[in-house]
2 protein chains.
Amino acid sequence: MGITERKERQRAELREHILQVARDMVMKEGFGALSMRKLADAVEYAPATLYLHFENRDAIARELCVRGFQELLAVLEPAATVKDPAQRLSRLAEAYLAFGMENTETYRLIFMEDARLSADLFQDKQEGPGPKSFALLVRACAALQAAGRTLDATPPERLAEVFWAGLHGIISLKLTCSGFQGAPAEALVETLVATLVHAPKPARRSR
Amino acid sequence: MGITERKERQRAELREHILQVARDMVMKEGFGALSMRKLADAVEYAPATLYLHFENRDAIARELCVRGFQELLAVLEPAATVKDPAQRLSRLAEAYLAFGMENTETYRLIFMEDARLSADLFQDKQEGPGPKSFALLVRACAALQAAGRTLDATPPERLAEVFWAGLHGIISLKLTCSGFQGAPAEALVETLVATLVHAPKPARRSR
DNA sequence: AGCAATAAATGAACGGTGTTCAAAGAACGG
DNA sequence: CCGTTCTTTGAACACCGTTCATTTATTGCT
């Protein structure tokens with residue numbers, strides 16, 4: 001009886017379709033412009049139908065969040081394969097910056113809207129794209145420490161957090177306080193990396 | 001004819017009262033919960049009356065923004081009087097962090113909501129609280145460079161931008177992605193400062 | 001004091017929002 | 001063909017920001 005199977009498939013397809021259209025709306029006009037009614041209009045269903053597939057508007061946003069973060073992770077992963085720690089950090093920073101500047105509304109959704117939307121992303125300490133991405137940075141920082149090219153008294157997790165916060169700060173200030181930054185984001189990221197990475201050989205032992 | 005004067009004063013007082021109540025609402029429940037109707041209710045006027053004093057809801061938000069930023073500036077200024085550059089940077093960071101963590105909704109309003117709300121703050125390159133605050137950081141960074149305790153190849157403006165972005169990143173991630181950071185914000189700020197400030201005497205000339 | 005002119009405040013409406021639920025419709029199994 | 005089950009929806013509720021003609025209050029003048 002492949003009939004319930006087909007129904008299930010159709011149901012999943014519709015759900016996917018809704019998400020796709022919602023994604024487009026968010027990317028084009030931001031999360032604030034994502035309205036259940038307009039979304040229902042766009043997929044040619046009644047508003048009430050959306051609630052058969054999603055608990056509410058926030059549930060859609062959450063789903064878009066995890067997908068967006070998965071994209072971010074996918075962008076970071078290649079950069080994380082670079083051997084040289086300093087260069088790796090630099091490439092990670094570039095990749096993160098590029099993602100943020102090219103998917104501004106997605107970035108806003110993940111990192112700058114309500115905390116409840118992105119809460120899920122950091123829960124599964126092992127599986128979620130949040131911890132996975134973070135782990136890439138931690139490893140890079142640890143490698144940098146192993147090469148003696150950054151603060152070695154602080155745990156790599158904390159260095160990674162500061163690094164992430166720096167990147168996030170640069171991007172989010174660009175997005176919200178556009179008139180603030182004088183220098184282009186790329187230059188700021190470069191300086192950020194420079195503050196974190198010490199010179200190759202610190203002239204004998206540094207202390 | 002002190003009569004028009006009195007009218008003007010009463011008008012200004014009402015405007016002030018509205019702003020005060022609006023501020024309370026924002027600080028308690030966030031900008032999203034600031035509704036013209038509830039605000040009108042709270043000040044015991046009809047909703048339409050608010051539009052005699054403010055162009056629209058965003059105008060109220062903008063006003064709250066500049067006031068919030070003035071508070072931030074007022075918090076930064078004492079810290080900027082410290083002589084020792086490294087310590088000054090540290091104190092500035094502490095003050096900024098404290099402001100952000102104690103006035104979370106105000107902070108969100110200024111730095112994390114719509115760019116149009118905070119656009120004014122950075123326009124007057126001389127007068128506004130934005131440039132004034134930024135100048136404090138630039139001077140601190142310049143002093144740090146003069147003492148030979150940070151990157152000296154990069155202009156102090158850029159260092160200050162990266163520093164600000166780092167602080168902002170730490171605070172805004174705490175606010176929006178609470179489950180993300182493992183270490184307390186204070187520790188992260190400390191590390192941020194540490195990455196920016198080099199050791200007092202870099203063992204002879206460092207290069 | 002009473003009246004015209006001016007200023008202040010508002011009620012009601014418009015078009016929008018998220019969400020719910022009883023009712024209608026379509027698809028299925030017997 | 002009918003009854004059951006699943007899907008879809010129209011209509012409603014309670015909000016929202018904003019506008020504008022109308023009403024209410026205040027002032028200046030006779």
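Side chains included, hydrogens not; waters and symmetry mates left out as well; all remaining heavy atoms used. Letters A, B, ... are given to chains in the order of the sequence lines, protein chains preceding strands, and every chain is numbered from 1.
Distances from the side chain of B:Asn56 to the nucleotides C:dC21, C:dT10, D:dT18 place D:dT18 closest. Counting only heavy atoms from C-beta on, B:Arg57 has its side chain closest to D:dG17 among C:dG18, D:dG17, D:dG10. For A:Ala48, counting side-chain heavy atoms from C-beta on, the closest listed nucleotide (D:dG10, C:dG11, D:dT8) is D:dG10. Of the candidates C:dT19, D:dG10, C:dT10, the closest approach to any side-chain atom of A:Pro47 belongs to C:dT19. With C:dT20, D:dC20, D:dG10 as the choices, the nucleotide that has an atom nearest any side-chain atom of A:Tyr51 turns out to be C:dT20. Nearest to the side-chain atoms of B:His53 among the listed nucleotides D:dT9, C:dA9, D:dT19 stands C:dA9. Out of D:dT9, C:dT19, C:dG18, the shortest distance to the side chain of A:Ser35 is found at C:dG18.
Atom CG in B:Leu52 sits about 9 Å away from atom C1' in C:dT10, given to the nearest Å. When rounded to the nearest whole Å, the span between OH of A:Tyr45 and P of C:dA26 equals 13 Å. Between B:Glu44 atom CD and C:dA8 atom C1' there is a gap of 17 Å when expressed in whole angstrom units. We find that CZ of A:Arg11 is positioned 12 Å from C1' of D:dT8, with the value rounded to whole Å. In this structure, the CG atom of A:Leu39 is 16 Å from the C1' atom of C:dG16, given to the nearest Å. Computed from coordinates, the A:Glu8 CD to D:dT7 P distance equals 10 Å when rounded to whole Å. What separates CG of B:Leu34 from C1' of D:dC16 is a distance of 12 Å, to the nearest Å. The CZ atom of B:Phe54 sits 13 Å away from the P atom of C:dA9 (whole-angstrom rounding).
Salt-bridge check for A:Arg67 with A:Glu16: passed, with a basic side-chain N closer than 4.0 Å to an acidic carboxylate O.
Counting non-hydrogen atoms of other residues, nucleotides and ligands closer than 6.0 Å to CZ of A:Arg91 gives a total of 12 or fewer. The 12-atom threshold is exceeded at CD of A:Gln10, counting heavy atoms of other residues, nucleotides or ligands nearer than 6.0 Å.
Side-chain atoms of A:Tyr45 and A:His17 form no donor-acceptor pair, as typed in the model, at a separation below 3.5 Å.
With B:Phe163 as the aromatic partner, B:Arg158 does not meet the cation-pi criteria of under 6.0 angstrom to the ring centre and within 45 degrees of the ring axis.
Among the protein residues, A:Ile60 comes within range of no part of the nucleic acid, since none of its heavy atoms lies under 4.0 Å from any strand. Residue contacts for B:Arg37: at a heavy-atom cut-off of 4.0 Å it reaches a base atom on one of the strands shown. A:Leu14 comes within contact range of no nucleotide atom at all, as no heavy-atom separation falls under 4.0 Å.
Side-chain N/O atoms of A:Thr49 include none lying less than 4.0 angstrom from OP1 or OP2 on D:dT8.
A side-chain hydrogen bond (donor to acceptor under 3.5 Å, both in side chains) with A:Arg15 is found for exactly one of A:Glu63, A:His53, A:Gln20, namely A:Glu63.
Residue A:Leu50 is the one, among A:Leu50 and B:Met36, whose nearest nucleotide of DNA chain D lies closer to the 5' end (criterion: closest heavy atom). Across the interface with DNA chain C, nearest-nucleotide mapping of A:Glu55 and A:Lys38 shows A:Lys38 to be the residue nearer the 5′ end.
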